[in-house]
Number of protein chains: 2
Amino acid sequence: MAGNKPTTIKEIARKLKISPSTVSRALNDHPSIGLVTTMRVKKMAEEMSYEPNQTAIFFKQRKTFTIGVILSKLSEPFFSEAISVIEHVAEEKKYTVLLGQSLDDEQRELNIVQTFKKHRVDGILVSLGKNTGDTDFMSVLAKTEIPVVFFDCVPDLPNVHKVYCDLSSGMEEAISAFFERGHHKIALINGPESLLASKDRTVAYKEALAKYNIPFDSNYIVNTDLTEQGNEDAMEKLCSLADRPSAVVSFNDFVTLDLIRYAKLRGIVLNQDMYFISYANYPLWKYMDNPPMGSIEQYPEQQAQRAAEILFDCIDKKEYVETPQEVVFPSKLVLK
Amino acid sequence: MAGNKPTTIKEIARKLKISPSTVSRALNDHPSIGLVTTMRVKKMAEEMSYEPNQTAIFFKQRKTFTIGVILSKLSEPFFSEAISVIEHVAEEKKYTVLLGQSLDDEQRELNIVQTFKKHRVDGILVSLGKNTGDTDFMSVLAKTEIPVVFFDCVPDLPNVHKVYCDLSSGMEEAISAFFERGHHKIALINGPESLLASKDRTVAYKEALAKYNIPFDSNYIVNTDLTEQGNEDAMEKLCSLADRPSAVVSFNDFVTLDLIRYAKLRGIVLNQDMYFISYANYPLWKYMDNPPMGSIEQYPEQQAQRAAEILFDCIDKKEYVETPQEVVFPSKLVLK
DNA sequence: TTGTATGCGTTATCAG
DNA sequence: CTGATAACGCATACAA
């Protein structure tokens, strides 16, 4: 734990009796520097355990080789998988990842962006919080030169880069799977109405019902605030209907966990009295004795991969990203 | 998306026909600057939408207000919980978090440290990878002035700050719980032998057995490499013993998931033919129809909280951290 | 092939 | 109270 100040280029130069610029160039393998000099410099740098001061370099180059990632929370497997991919892509590009969890709080989200701006990140990847009203957030972001790519939870705006999953294909497959098995009373337990993701599910649900000529019953859509209590309440509402549904598409796997648990309390037998399909396709079902009928894959890795690639192409000023990119993956039902 | 270069202090100064230093001071509420001037400057800064260039400030102040966090992987709830706490503490101190997942690969771990050093992070929090031999990693880290605090997976070294969970108390409680229920054939499915965490478990296991006068049988300790296959192999080994154990302490909850699954395939009835207790206390058991007997809580939040606090105290050069801190939380059995 | 000079944006020191 | 100047460490245009 010696108190040595870090070595600088100047010191190497002095020791070698050459100019700092030569040292700088040698260290950066500048072609105009003689091989011998280069070697000498590198050797000395090694000896003096020189470490370039990146803060100086960042400052000078107006680049930080850092990207910021904003997502709701890492405890959701979707995001922990996504960030792993992002980190991996970043690593290959010699970039580092600054992390910000919004916890679905819009104010936090705004703070994170401000912090990222201060830190002069070279780019930002965002999955919007579940309660984010587009407007404020976007206006803060718009005022910046920093390239931004949205993924998963994307704003309903043109002129931004976004990568997301089309929920409707999965919904269609879910309703189809239910229908084929004779279900006609199919409910939707949806997230908060304010949420774009919820709206999309509602639209997709109605469309899919229509496709199979199942009449839409507004009692069959209930909302949850995604808390345990909210999930149970939603389930209770459905169960107490005179015409109880035999199949449920739920907002996501976490919600379904609560639904199944609650159903059991109510004496409802899973995959007999009631069938479930939810979004996310989390790995947890594999270990359940009695998993729900299916889950809809939303491809976190692929989304993250594409989003990161687009972001880096923005940073590298590739031409094609001058027009807003919109990449849509179809979601896909996976039967359990 | 205007191509405006960010405003600088100089430009504000020029516009106001005063010197850059005055602007700087006004912006920082320096007491020696007149109220009027301060106001004028701030107003102009606002108008020109001035944003301080942090990279310049970092450079000058030799501080980045960034800490690096190295952990094995975020898909483990332990770490996603830990990082949330860390982020929270960092946020309060106006710090940002740089993320690095080692994925239990020592080479990656080393690269991450190098990157963090380059980025001149003000401090590093590390939970060592499961396969990390202390030596290399530590020597890289030792050569740095950057304060480091280890948590959870800590090196077996003095002279470093570390926060971790004492696995033996939980083990003792687990063996006790088994013993009270009449089990005498208690096995340990442990992680790789190379791992400190494994060694600790082995020691604790033997000690606890001794306490209850249960003779130690070396056949009752089997190792897994923590892959699904490894877990199944370990289980297979135990099951094929002439004197099959009736109770198992396993490395962690994820391993137990595989064990239970495999036990079922073998026709072994959970909580009847065989009982399980594992480390981690992940929230998943709540949703299982037939959970294992218990799980041992390792307090990710508390560990992360203390580790982060100590790190920031190092950064702030609090006196007490001049001597290496060692904080140990007891682990605790939670019956399901 | 190498050296010299300059500037990135900010703040601290010293003068006024 | 305010202004001029230097300095942080590095990269680069220009000179030699």
Side-chain angles (χ1 to χ4, degrees), chain A residues 4-42 44-45 48-66 94 117-122 144-146, chain B residues 4-42 44-45 48-66 94 117-122 144-146:
Chain A
N4 300 324
K5 294 269 161 288
T7 318
T8 72
I9 279 191
K10 278 187 192 169
E11 291 164 339
I12 300 181
R14 196 165 348 113
K15 209 122 187 173
L16 255 34
K17 298 184 194 300
I18 57 179
S19 89
S21 31
T22 306
V23 176
S24 168
R25 286 188 273 241
L27 255 15
N28 291 303
D29 290 309
H30 195 287
S32 77
I33 299 295
L35 189 61
V36 255
T37 328
T38 305
M39 299 280 276
R40 260 171 28 99
V41 168
K42 290 204 172 172
M44 179 58 75
M48 302 176 70
S49 64
Y50 167 75
E51 297 254 11
N53 182 340
Q54 293 295 102
T55 63
I57 296 174
F58 295 160
F59 171 46
K60 185 143 193 24
Q61 320 245 292
R62 294 138 177 290
K63 261 197 101 172
T64 59
F65 293 96
T66 303
K94 307 276 181 203
K117 281 177 72 173
K118 274 195 190 163
H119 278 252
R120 292 286 207 268
V121 295
D122 295 335
T144 192
E145 277 305 280
I146 303 172
Chain B
N4 300 324
K5 294 269 162 283
T7 316
T8 71
I9 281 191
K10 281 185 190 171
E11 290 164 339
I12 301 182
R14 198 170 341 118
K15 210 120 186 174
L16 255 34
K17 296 183 197 302
I18 57 181
S19 88
S21 3
T22 307
V23 175
S24 169
R25 285 189 274 241
L27 253 16
N28 292 302
D29 290 309
H30 194 288
S32 78
I33 299 294
L35 189 60
V36 253
T37 327
T38 305
M39 298 280 276
R40 265 177 16 107
V41 168
K42 290 203 171 173
M44 179 57 76
M48 301 175 71
S49 63
Y50 167 76
E51 297 253 11
N53 182 341
Q54 292 296 101
T55 64
I57 296 173
F58 294 160
F59 171 46
K60 191 152 192 9
Q61 321 243 294
R62 293 134 180 285
K63 258 197 104 172
T64 58
F65 292 95
T66 303
K94 307 275 181 204
K117 282 177 73 174
K118 275 193 190 163
H119 278 251
R120 291 287 204 267
V121 296
D122 296 335
T144 192
E145 278 306 280
I146 304 172

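Throughout, a chain's letter reflects where its sequence line sits, starting with A, and its residues are numbered from 1. It should be emphasised that the depicted structure is a prediction, and the values quoted were computed from it without experimental measurement.
Here D/dT2 presents its C1' atom at 17 Å from NZ of B/Lys17, a figure rounded to the nearest Å. Between the CD atom of B/Glu11 and the P atom of C/dC8 there is a distance of 10 Å, given to the nearest Å. Remark: P of D/dG9 and CD1 of A/Ile12 are 13 Å apart, rounded to the nearest angstrom. Spacing between atom CE of B/Met48 and atom P of C/dG9 amounts to 13 Å, rounded to whole angstrom units.
To the nearest 0.5 Å, the span separating CG on A/Asp122 from OG1 on A/Thr66 amounts to 6.5 Å. Taking NZ of B/Lys117 as the start and CD of A/Glu51 as the end, the distance is 4.5 Å to the nearest 0.5 Å. Expressed to the nearest 0.5 Å, how far CG of A/Leu35 lies from CG of A/Asp29 amounts to 10.0 Å. One finds the CZ atom of A/Arg62 at 9.0 Å from the CZ atom of A/Arg120 (value rounded to the nearest 0.5 Å).
Here the side chains of A/Phe58 and B/Phe59 are not in contact, with every heavy-atom distance at 4.5 Å or above. Annotation: side chain of A/Val41 is in contact with side chain of A/Ile18 (closest heavy-atom distance under 4.5 Å). Contact check for B/Tyr50 versus B/Leu27: side-chain heavy atoms found under the 4.5 Å cut-off. Taking 4.5 Å as the limit, every side-chain heavy atom of B/Thr22 sits out of range of all side-chain heavy atoms of B/Leu16.
Both key distances under 3.5 Å define a Watson-Crick or G-U pair, and stretches of 3 or more such consecutive pairs in DNA chain C run C:1-16 with D:1-16.
Looking only at distances, no side-chain donor or acceptor of B/His119 sits under 3.5 Å from a matching main-chain atom of B/Val121.
Comparing B/Ile18 and B/Arg120 along DNA chain D, the residue whose closest nucleotide (by nearest heavy atom) sits nearer the 5' end is B/Ile18.
A heavy atom lying under 4.0 Å from DNA chain D marks the following residues of residues 50-61 of chain B, by number: B/Phe59, B/Lys60. Proximity of residues 20-35 of chain A to DNA chain D (heavy atom under 4.0 angstrom from any strand atom) is restricted to A/Ser21, A/Ser24, A/Arg25, A/Asn28.
Residue B/Lys63 qualifies as enclosed at atom NZ: its count of foreign heavy atoms under 6.0 Å is above 12.
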